[in-house]
Amino acid sequence: MSPAPVPPVGARIRRARLESGLSLRGLAREVGVSASLVSQIETGKSQPSVSTLYAITTALGISVESLFEAREPAAATAGALAPHPVAAFAADPGLRIGPLVTPLEREVLELDSGVVWERLGHLPGTDVDFLLVTYRPGGASSTSGGLMRHAGTEYGYLTSGELVLTLGFEERVLGPGDAVSFESTTPHRYRNDGAEPAVGVWFVTGQSVQ
């Protein structure tokens, strides 16, 4: 038995695109990727990187969270930052989300950029995500090298491997035992330049963005 994967989001991206009246090529232009990549994401043949996922939801005017829920995607407030993707895990009624979550009960989301998120637990009605994050060798939160920004505050603790954090204009190398905390609206990017996976525990708390 394997950990539970997060439901595919491609079909919901396609539905939101059609509802917005955008063509495949139109969305691709807005996001800055090829129409072929958008098509592969919509059909589930490819997973988006974190940066591509943000760009798609921004172009469609929807929240990332809406892609992981059974309800119809709700339009996001104009100019608002989308919630962090880790806040978007769907809670399968058959899964334990607290107080105890075993390895086989974790929801797992694998991204194209060599990053794996495992949800360690969540209490309904709270705005805190509790995650085991793995950056495989060569993995990064943005494949293009661009910096990310999103709503929330994040706290991270690296347990093994080495991770490079670019935060604003500074670059820091994190090793086992190092911890970080910052407002996620600050442009940032993680990458693993090493030969071993970088693994850590992350807390991401939500916040209202005006």
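Throughout, numbering of the chain's residues begins at 1 and tracks the sequence. Below, all heavy atoms of this structure are taken into account, side chains as well, without hydrogens, waters or symmetry copies.
Minimum heavy-atom separation, Ser39 to Leu24: N-CD2, 3.8 Å. Between Ala59 and Val31, the shortest heavy-atom distance links the atoms CB-CG2, 4.3 Å. Shown here for Arg191 and Thr166, the closest heavy-atom pair between the two residues is NH1-OG1, 3.9 Å. The nearest pair of heavy atoms linking Gly146 to Arg189 is O-CD, 3.5 Å. Scanning all heavy atoms of the two residues, the minimum distance from Ser46 to Leu37 falls at OG-CD1, 3.9 Å. Heavy-atom minimum distance, Leu132 versus Val199: CD1-CG1, 3.6 Å.
Not one N or O on the side chain of Ser142 forms a donor-acceptor pair closer than 3.5 Å with the backbone of Leu147. Although no hydrogens or angles enter the test, the distance criterion places no donor-acceptor pair under 3.5 Å between the side chain of Thr153 and the main chain of Thr205. The closest donor-acceptor contact from the side chain of Thr186 to the backbone of Gly168 lies at 3.5 Å or more, if one exists at all.
Taken from CG in Leu27 to CZ in Arg14, the straight-line distance is 12.5 Å, to the nearest 0.5 Å. Of the inter-residue distances, the one linking Ile13 atom CD1 with Leu18 atom CG reads 12.0 Å to the nearest 0.5 angstrom. In this structure, OG in Ser36 is found 9.5 Å from CZ in Arg25, a value given to the nearest 0.5 Å. Rounded to the nearest 0.5 angstrom, Glu30 CD and Ile56 CD1 are separated by 12.0 Å. Here Gln47 contributes atom CD and Thr52 contributes atom OG1; the two are 11.5 Å apart, rounded to the nearest 0.5 Å. The CD1 atom of Ile41 lies 7.5 Å from the OG atom of Ser49; values are rounded to the nearest 0.5 Å.
When side chains are defined from C-beta on, Phe130 counts as touching Val201, because their heavy atoms get closer than 4.5 Å. Leu167 places none of its side-chain heavy atoms less than 4.5 Å from the side chain of Arg172.
Counting non-hydrogen atoms of other residues, nucleotides and ligands closer than 6.0 Å to CD of Glu171 gives a total above 12.
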side-chain contact (heavy atoms from CB on, under 4.5 Å) evaluation trace for Phe182 with Leu165: CA-CA 11 Å; Phe182 57 90; Leu165 166 64; 4.0 Å; yes
Chi angles and distances behind the side-chain contact (heavy atoms from CB on, under 4.5 Å) call for Leu120, Trp202: CA-CA 10 Å; Leu120 298 178; Trp202 253 250; over 6 Å; no
CA sep, side-chain torsions, deciding dist, call: Ser141, Tyr135, side-chain contact (heavy atoms from CB on, under 4.5 Å): CA-CA 9 Å; Ser141 54; Tyr135 283 80; 3.9 Å; yes
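Each salt bridge (charged side-chain N to carboxylate O under 4.0 Å, His left out) pair with one or both residues in residues 36-62, not counting sequence neighbours, appears once here: Arg17-Glu42.
Residues Val38 and Leu22 share a hydrophobic cluster, clusters being chains of Ile/Leu/Val/Met/Phe/Trp/Tyr side chains in contact below 4.5 Å. Neither Tyr157 nor Tyr190 shares a network with the other; the hydrophobic side chains, linked directly or stepwise wherever heavy atoms of I, L, V, M, F, W or Y lie under 4.5 Å apart, form separate groups for each.
By the salt bridge (charged side-chain N to carboxylate O under 4.0 Å, His left out) test, Arg136 is found to be paired with Glu110, residues two or more places apart in sequence or in another chain being considered.
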